[in-house]
Amino acid sequence: QVELVESGGGLVQTGGSLRVSCAASGRTFSSNAMGWFRQAPGKERVFVAAVTTSAGSTYYADSVKGRFTISGDNAKNTVYLQMNSLKPEDTAIYYCAARSTSNSRGYFPSAAWAYDYWGQGTQVTVSS
């Protein structure tokens, strides 16, 4: 059984920073990419950022480019999302996702269907 556990969410003021983490565990867990998505109240879940575990290639949604940074620690099976210059519109539940190495479909970083495992989410609230 693979489990993704997010942590680090919370309340922050506009312009502030926050770092969320996602730790993956499971005896058979092996991932070639991990990503972050977010879902604001009443809206669909959308892509935020992703990173490939081998090449370390990163991908970002236009709305967070220059403000958010995704990074991974392969030894710890952990991915981080450093969020700076936060805005009220960044308020959402942030979900971690991981793609299994056994997934043979083409990889589209921003597509939710490209990931096989999901965390339960962590709330990030940015006050104005």
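Scope of the values below: all heavy atoms of this structure, side chains included, with no hydrogens, waters or symmetry mates.
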Candidate list Q39, Q123, R38, test side chain to side chain donor-acceptor pair (under 3.5 Å), partner Y94, passing option: R38
If you look at every heavy atom in [X] and [Y], which pair is closest and at what distance?
{"X": "A40", "Y": "T91", "result": "CB-O, 3.7 Å"}
{"X": "S21", "Y": "Y80", "result": "OG-CD2, 3.2 Å"}
{"X": "M83", "Y": "V20", "result": "CE-CG1, 4.0 Å"}
{"X": "L4", "Y": "A98", "result": "CD1-N, 3.8 Å"}

Distance flag, aromatic centroids of F47 and F37, threshold under 6.0 Å: yes
Neighbour count above 12 (heavy atom, 6.0 Å) for E89 CD: yes
Test log, rule side-chain contact (heavy atoms from CB on, under 4.5 Å), inputs V51 and V79: CA-CA 8 Å; V51 60; V79 65; 3.9 Å; yes
Hydrophobic cluster membership, M34 vs V124, 4.5 Å side-chain cutoff: yes
Joint hydrophobic cluster, I70 plus Y115, side-chain heavy atoms closer than 4.5 Å: no
Is there a side-chain contact between [X] and [Y] (heavy atoms, below 4.5 Å)?
{"X": "W36", "Y": "F68", "value": "no"}
{"X": "R67", "Y": "D90", "value": "yes"}
{"X": "L18", "Y": "L86", "value": "yes"}
{"X": "L81", "Y": "V48", "value": "yes"}

Between T78 and D73, a side-chain donor and acceptor under 3.5 Å: no
Side-chain donor-acceptor pair present, S54, T52, cut-off under 3.5 Å: no
Can you tell me how far [atom2] of [Y] sits from [atom1] of [X], rounded to the nearest 0.5 angstrom?
{"X": "S128", "Y": "Q13", "atom1": "OG", "atom2": "CD", "value": "9.5 Å"}
{"X": "S100", "Y": "R105", "atom1": "OG", "atom2": "CZ", "value": "10.0 Å"}
{"X": "C22", "Y": "Q120", "atom1": "SG", "atom2": "CD", "value": "11.0 Å"}
{"X": "E6", "Y": "I93", "atom1": "CD", "atom2": "CD1", "value": "10.0 Å"}
{"X": "L11", "Y": "T125", "atom1": "CG", "atom2": "OG1", "value": "6.0 Å"}
{"X": "S31", "Y": "N77", "atom1": "OG", "atom2": "CG", "value": "8.0 Å"}

Side-chain donor/acceptor of T14 to backbone N/O of S127, under 3.5 Å: yes
Backbone of G15 reached by a side-chain donor or acceptor of S85 within 3.5 Å: no
Step-by-step side chain to side chain donor-acceptor pair (under 3.5 Å) determination, N84 to S17: CA-CA 4 Å; N84 299 328; S17 297; 2.9 Å; yes
Over-ring placement of R45 relative to W118, 6.0 Å and 45° cut-offs: yes
Cation over ring face, R99 and Y107, 6.0 Å, 45°: no
Lys/Arg-Asp/Glu bridge criterion (N-O < 4.0 Å) met for D62, K65: yes
